[in-house]
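A short write-up of the structure that comes next.
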2 protein chains.
Amino acid sequence: MSKDTLPGLTLCNNAMLRRAARKLGQFYDDVMAPSGLKATQQGLLYQIHIGNEPAMGAIAASLIMDLSALGHTLKPLIRDGYVETFADPDDRRIKRVRLTPRGLVKLDEAMKLWSVAQQRFEDVVGKDQAAKLRAALDDIAALDFDLPAS
Amino acid sequence: MSKDTLPGLTLCNNAMLRRAARKLGQFYDDVMAPSGLKATQQGLLYQIHIGNEPAMGAIAASLIMDLSALGHTLKPLIRDGYVETFADPDDRRIKRVRLTPRGLVKLDEAMKLWSVAQQRFEDVVGKDQAAKLRAALDDIAALDFDLPAS
DNA sequence: CGTTAATGGTGGCATATGCCACTAAATGAA
DNA sequence: TTCATTTAGTGGCATATGCCACCATTAACG
């Protein structure tokens, strides 16, 4: 097979997913820029907000994110005073996370912008299509790739 | 609306996309680990391979990636001797990229592992479903979110 | 021509993510 | 109780990505 006829990267599920994520990330980030938050940060603040002073491990699990990666991502938010952490009194290994009042205000501000981006996205691709896409992505997130231990 | 009844992050198209990308990335990376390449690097080598000594800008455009981000990502691959760059003789602003022989060998090795991951993914989600997903992701990558300039 | 504008990349800085080695704390077994 | 094991996070290091300011080159225009 000549190099010229090799299929493009369009065949790789992972590459396509990353590519779409870059594209959509740029769009959401653009819209949210006035808040000073990236879309990832808004998502993280929101996740913390809807949790009940969630433990770091719990957040990482919901987001399917490495625990240490979460720790890193949290740092700028703590530095900027949007988030604070405290040890769980019943198990001092566990560190819980909550929004500060300042963080709550910032989240409100960011959510307004998020709505704009979200709305615009759904206008462009269609509400149904968007819902289907999210469902498909949710399925992927739930997949188990382990070979069944026979 | 009480905090307890707020919808999860499942509603955000962008967050879901990133989450699925983390999940799938971890899987592909795991499978490709023996090659010493990350899935992103394999994808980049492949993109360079199928291009005709592509210019950096061309690669960045196909991957919907920031040009400077591409430059950064390329560095470890150049350092490890998989890739080399050279100025286009007709326009010295343009820097073209190609695989070294070593890079070609490494790509072959990585592609074998990639096939394993790709195959496993399609076994789990179904070949049709995977194709539909890639099509949907390709559509997203092609979207234009600009408001029509009236 | 020569000045101006547009194009293609680089480097610095910042966030996003992951892996690994290591520490502290809680659990379980002897 | 005491020691091995498991659990929850941290810090260091590396890649992934983006934005912005800046440089070199080329194209455009008067």
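Just so it is clear, the structure is predicted and the values come from calculations on it, not from any experiment. Note on naming: letters A, B, ... go to the chains in the order of the sequence lines (proteins, then strands), and numbering restarts at 1 for each one.
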What integer distance in Å separates A:L67:CG from C:dA21:P? 16 Å
Walking DNA chain D from its 5' end, the first of A:G57 and A:D30 to be reached, judged by nearest nucleotide, is A:G57
Nucleotide nearest B:A69 (side chain, heavy atoms from C-beta), chosen from C:dA26, D:dA16, D:dG18: D:dG18
How many Å lie between NZ on B:K38 and P on C:dC19, as a whole number? 8 Å
What is the distance, to the nearest angstrom, from the CG atom on A:D29 to the C1' atom on D:dA16? 14 Å
Take the protein atom CG of A:L24 and the nucleotide atom C1' of D:dT17, then report the distance between them rounded to whole Å. 15 Å
Report the distance from atom CD of A:Q47 to atom CG of A:L63, rounding to the nearest 0.5 Å. 4.5 Å
Less than 4.5 Å apart, any side-chain heavy atom of B:F145 and any of A:V124? yes
Distance below 4.0 Å between A:R96 side-chain N/O and D:dG9 OP1 or OP2: no
Side chain of A:T40 (C-beta onward), nearest among D:dT17, D:dG11, C:dA16: C:dA16
Check whether any side-chain N or O of B:R79 sits under 4.0 Å from OP1 or OP2 of D:dT15, and answer yes or no. yes
Do B:Q119 and B:D123 pair up side chain to side chain, a donor and an acceptor below 3.5 Å, judged on atom types alone? yes
On the nucleotide D:dG18, are OP1 or OP2 found under 4.0 Å from the side-chain N or O atoms that A:Q26 carries? yes
Counting the atoms with a prime plus P, OP1 and OP2 as sugar-phosphate, which does B:D66 contact under 4.0 Å by heavy atoms, base, sugar-phosphate, or nothing? base
Nucleotide C:dT23, atom C1' - distance to CE of A:M56 in whole Å: 15 Å
Phosphate oxygens OP1/OP2 of C:dG11: is one of them under 4.0 Å from a side-chain N or O of B:K75? yes
Distance (rounded to the nearest 0.5 Å) between A:L113 CG and A:Q118 CD: 13.0 Å
For A:R18 and D:dA16, is the shortest distance between a side-chain N/O and OP1 or OP2 below 4.0 Å? no
Nearest whole Å is fine: how far is C:dA16 C1' from B:R22 CZ? 9 Å
What is the distance from atom CZ of A:R22 to atom CG of B:D66, rounded to the nearest 0.5 Å? 10.5 Å
Is any side-chain N or O of B:H72 under 3.5 Å from a base N or O of D:dG18, one able to act as donor and the other as acceptor? yes
Counting only side-chain heavy atoms from C-beta out, which of D:dA24, D:dA8, C:dG18 sits nearest to A:R93? D:dA8
Take atom CG of A:L45 and atom P of C:dA16, then tell me their distance rounded to the nearest Å. 10 Å
Starting at the 5' end of DNA chain C and moving along, which residue's nearest nucleotide shows up first, A:L74 or A:P89? A:L74
In terms of side-chain heavy atoms of A:S68, which of C:dC20, C:dT15, D:dT15 is nearest? C:dC20
Measure from the side chain of A:Q41, starting at C-beta and using heavy atoms only, and say which of D:dA16, D:dG18, C:dT15 lies closest. C:dT15
In whole Å, what is the span from the CG atom of B:D88 to the C1' atom of D:dT25? 12 Å
Between A:Y28 and A:F121, how do the two ring planes meet: parallel, tilted or perpendicular, split at 30° and 60°? tilted
